[in-house]
Amino acid sequence: MSLARNVTPLSATNGGTFFDNFENFANTQYLGGFYTGTETPPTPDIPDRPTSSERKDIKNWEMQKLKASGLLYMCIDITQRAHISGNPYRNNPHLAYQKLLGVHRQKKPAHRFAATDALLSVQMEENETLVDVAAPGDIMSALSPKRTTYGLAEMDNELLAMTMLRAPGPEYANFISSLMLLGDLSPETIRSKFQNEDTNRKSQA
């Protein structure tokens with residue numbers, strides 16, 4: 001099987017497209033159920049006395065499970081493997097896959113800001129054409145709104161918030177990092193946090 005041709009490895013910015021592509025590819029290998037949790041191990045009619053045929057089925061299932069674990073690991077960029085290293089994720093494709101889903105599909109606005117920043121930083125490389133830089137699909141997928149209502153007003157607010165977060169100098173790096181963990185990054189929230197930070201810094205001066 002050719003992983004490079006079928007699935008672009010999971011990175012920090014392509015979670016919006018990776019999971020659908022990976023699941024479709026895994027299904028062609030008859031492994032999709034190991035990630036969704038629908039593939040359950042065979043159970044002998046008499047648990048403590050499995051027949052020769054039942055033992056063979058169990059062994060085949062365990063081998064497919066290991067294959068699913070390896071496939072997932074090989075389809076993840078090295079920068080993302082720390083999320084599922086060691087126990088309890090080792091050789092547990094369902095648990096590992098759900099962990100990655102949780103990491104990459106968080107609803108914190110910081111994920112959209114990071115994708116927007118990456119999009120605005122796109123530059124044409126030497127080996128690229130104009131068509132290549134005209135469709136940065138992985139980044140755009142991370143920007144696709146998951147809400148039922150999203151218009152110009154919401155976009156304006158996000159761009160304003162992003163501008164506010166990018167404006168402070170390097171001495172505010174830790175402070176800005178703490179804001180990126182918030183569930184609400186509206187301009188009003190950021191403005192309030194900025195005011196509190198200014199007050200705290202003046203009191204410590």
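Interatomic distance, L160 CG to D156 CG, rounded to the nearest 0.5 Å: 8.5 Å. To the nearest 0.5 Å, the span separating CD1 on I46 from CG on D48 amounts to 7.5 Å. We find the CG-CD1 distance between D184 and I190 to be 8.5 Å, quoted to the nearest 0.5 Å. To the nearest 0.5 Å, atom CD of residue E39 and atom NE2 of residue H94 are 12.5 Å apart. We find the SG-OH distance between C75 and Y97 to be 10.5 Å, quoted to the nearest 0.5 Å.
Within 6.0 Å of the CG atom in N174, the count of heavy atoms belonging to other residues, nucleotides or ligands does not exceed 12. Counting heavy atoms of neighbouring residues, nucleotides and ligands inside a 6.0 Å radius, atom OH of Y30 does not exceed 12 of them.
At a threshold of 4.5 Å between non-hydrogen side-chain atoms, the residues P50 and D57 do not count as touching. When side chains are defined from C-beta on, P168 counts as touching I176, because their heavy atoms get closer than 4.5 Å. A heavy-atom distance below 4.5 Å is not found between the side chains of F34 and L72. Contact of the I76 side chain with the P9 side chain is not registered, since no non-hydrogen atoms from C-beta on lie closer than 4.5 Å.
In this structure, a donor-acceptor pair under 3.5 Å is present between the side chains of T36 and T38. For the residue pair S11 / D77, no side-chain donor-acceptor distance below 3.5 Å is found, with atom types taken as modelled. Side-chain contact, T189 with S186: a donor N or O sits under 3.5 Å from an acceptor N or O.
When all heavy atoms of R201 and E171 are compared, the pair lying nearest together is NH2-O, 3.4 Å. Minimum heavy-atom separation, D45 to E54: N-OE2, 3.1 Å. Considering every non-hydrogen atom in both Q80 and L10, the closest pair reads CG-O, 3.4 Å. Counting all heavy atoms, side chain and backbone alike, P44 lies closest to I58 at CG-CD1, 3.9 Å. Nearest heavy-atom pair across R191 and M164 is N-CE, 3.8 Å. Summarising the geometry of L100 relative to F19, their closest heavy-atom pair is O-CZ, 3.6 Å, with the distance given to 0.1 Å.
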Item to check | Working for side chain to side chain contact (heavy atoms under 4.5 Å, CB included), residues L179 and L165 | outcome: CA-CA 9 Å; L179 294 185; L165 291 170; 3.9 Å; yes
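Ring-centre distance between F22 and Y35: below the 6.0 Å cut-off.
Taking hydrophobic clusters as Ile, Leu, Val, Met, Phe, Trp and Tyr residues chained together by side-chain heavy-atom distances below 4.5 Å, M74 does not share a cluster with L66. Both L101 and L71 are assigned to one and the same hydrophobic cluster, defined by single-linkage of ILVMFWY side chains at heavy-atom distances under 4.5 Å.
Between E197 and K193 there is no salt bridge, since no side-chain nitrogen of the basic residue lies less than 4.0 Å from a carboxylate oxygen of the acidic one.
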Only distances under 3.5 Å count here; give the side-chain donor-acceptor pairs of residues 84-92 to other protein atoms, sequence neighbours excluded, each with its distance to 0.1 Å.
{"residue": "S85", "atom": "OG", "partner": "A82", "partner atom": "O", "Å": "3.3"}
{"residue": "N92", "atom": "OD1", "partner": "L95", "partner atom": "N", "Å": "3.1"}

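A donor-acceptor pair under 3.5 Å links the side-chain atoms of W61 to the main chain of T40, judged by distance alone. Although no hydrogens or angles enter the test, the distance criterion places no donor-acceptor pair under 3.5 Å between the side chain of S192 and the main chain of E188.
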